[in-house]
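Heavy-atom basis, side chains included; hydrogens, waters and symmetry copies ignored. Atoms within each ligand, like the ligands themselves, are counted from 1 in listed order.
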Amino acid sequence: MTELLSTHGLVARYGDFQALYDVDVAIDEGEIIALIGANGAGKSTFLRAVMGLLPVKPDMVSLDGRPIGGTPTDQMVQKGVAIVPEGRRLFTGMSVNDNLRVAIDQVGSRGRKGGWTLERVQQLFPILVEKGRVPVQNLSGGQQQMVSIGRALLCQPRLLLCDEISLGLAPKVIREIYAVLPEIRAQGTSIVLVEQDVGLAKSASDRLYCMLEGRVTLSGRSNDVTREQISEAYFGGGHAVV
Ligand SMILES: Nc1ncnc2c1ncn2[C@@H]1O[C@H](COP(=O)(O)OP(=O)(O)O)[C@@H](O)[C@H]1O
Ligand SMILES: [Mg+2]
């Protein structure tokens, strides 16, 4: 397998507070990895650091084996890394289609050429056809999440970073959203799933990493890691196995 993106001793700070300690994560082309961990473990910070939203040293992040740490976010998008951010961050007051067009315009003529079009996103999430002219604030949470994923896909990513896309959604909607991940991968996009639902993360990924207090405490093939290993890595030593 060819490595797409990796981090090497990645550290990140908010002022005096160190939020990541020596994080080593690697994602191969075509892989789906899950990043699990309790609230505050550093999962979103990891994604932000990779996306150039926090200052990091160049050699702490590499893409295709080349150092790219600290590259500004818009350039990361041009290089093929897109994020579905925590809380979705859609443009309120704009319709579904206009939110999606922003991504098409952003990547634009100097952008990467890829297979994702408005029509392909609508095939993935058919409800977005009928909702095309509806302001995004009038959509359900699940529909908003679909727009957020669609917007990221229209940046033609080679790597899609998803920050808790299941949060606050009903189980049926979560299943609907997770069902499209294999299709996204089939299009040639690798995926990082940040997820608090361990069962969901495990079943949807090839490999997983668990974080605790800014450190990676477990990594392995999702089918191989045991509940006991996850429990220990998730909560730290000394906690009862759940
Ligand atoms: N903007 C910020 N300023 C200061 N501390 C922050 C900020 N964002 C997150 N943190 C802290 O960094 C740690 C990791 O947060 P975060 O990456 O959001 O965790 P997770 O996504 O795993 O829930 C937490 O202790 C959190 O309080
Ligand atoms: Mg988070």
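Without hydrogens or angle criteria, Ser205 side chain to Leu208 main chain gives no donor-acceptor distance under 3.5 Å. Side-chain atoms of Asn99 come within 3.5 Å of backbone atoms of Phe91 as a donor-acceptor pair (strictly under, hydrogens ignored). Judged by distance alone, with hydrogens and angles left aside, the side-chain atoms of Thr73 form a donor-acceptor pair with the main-chain N or O of Met51 at under 3.5 Å. Judged by distance alone, with hydrogens and angles left aside, the side-chain atoms of Asp24 form a donor-acceptor pair with the main-chain N or O of Gly9 at under 3.5 Å.
Contact of the Gln196 side chain with the Ile36 side chain is not registered, since no non-hydrogen atoms from C-beta on lie closer than 4.5 Å.
Of all atoms in ligand 1, numbered sequentially from 1 with element shown, those under 4.0 Å from a heavy atom of Ala41 are 19 (O), 20 (P), 22 (O). Atoms of ligand 1 lying under 4.0 Å from at least one heavy atom of Ala19, given by number and element, are 12 (O). Of all atoms in ligand 1, numbered sequentially from 1 with element shown, those under 4.0 Å from a heavy atom of Phe17 are 11 (C), 12 (O), 13 (C), 25 (O). For ligand 1, the atoms closer than 4.0 angstrom to any heavy atom of Ala38 are 22 (O). Residue-ligand proximity, Asn39 to ligand 1, at heavy-atom distances under 4.0 Å covers atoms 23 (O). Listed by number with element, the atoms of ligand 1 under 4.0 Å from a non-hydrogen atom of Arg48 are 8 (N).
Look at Gly37 and you'll find every heavy atom at least 4.0 Å from all atoms of ligand 1.
Rounding to the nearest 0.5 Å places CG of Leu153 at 12.0 Å from CG of Leu118.
Of the polar atoms of Lys43, at least one N or O is found under 3.5 Å from an N or O of ligand 1, judged by distance alone.
Among the heteroatoms counted here (N, O or S) of Glu86, OE2 is the one nearest to the Mg ion (ligand 2).
Not one N, O or S atom of Glu164 sits under 2.8 Å from the Mg ion (ligand 2). At least one N, O or S atom of Ser44, from either the backbone or the side chain, sits less than 2.8 Å from the Mg ion (ligand 2).
Counting only heavy atoms of the protein, atom 17 (O) of ligand 1 lies nearest to Thr45 OG1, 2.5 Å. Ranking protein heavy atoms by distance to atom 24 (C) of ligand 1, first place goes to Gly40 O, 3.6 Å. Scanning all protein heavy atoms for the shortest distance to atom 18 (O) of ligand 1 gives Ser44 CB, 3.9 Å. In terms of protein heavy atoms, atom 9 (C) of ligand 1 is closest to Tyr14 CE1, 3.4 Å.
If you check the side chains of Asp197 and Ser166, you find no donor sitting under 3.5 Å from an acceptor. Between the side chains of Thr217 and Tyr209, no donor-acceptor pair of N or O atoms lies under 3.5 Å. Side-chain contact check for Tyr14 and Arg48: at least one donor-acceptor pair (N or O, by modelled atom type) lies under 3.5 Å.
Taking a distance limit of 4.0 Å, we find that atom 26 (C) of ligand 1 is approached by no protein heavy atom.
Partner of Glu31 under the salt bridge (charged side-chain N to carboxylate O under 4.0 Å, His left out) criterion, out of Arg185, Arg207, Arg158: Arg207 alone.
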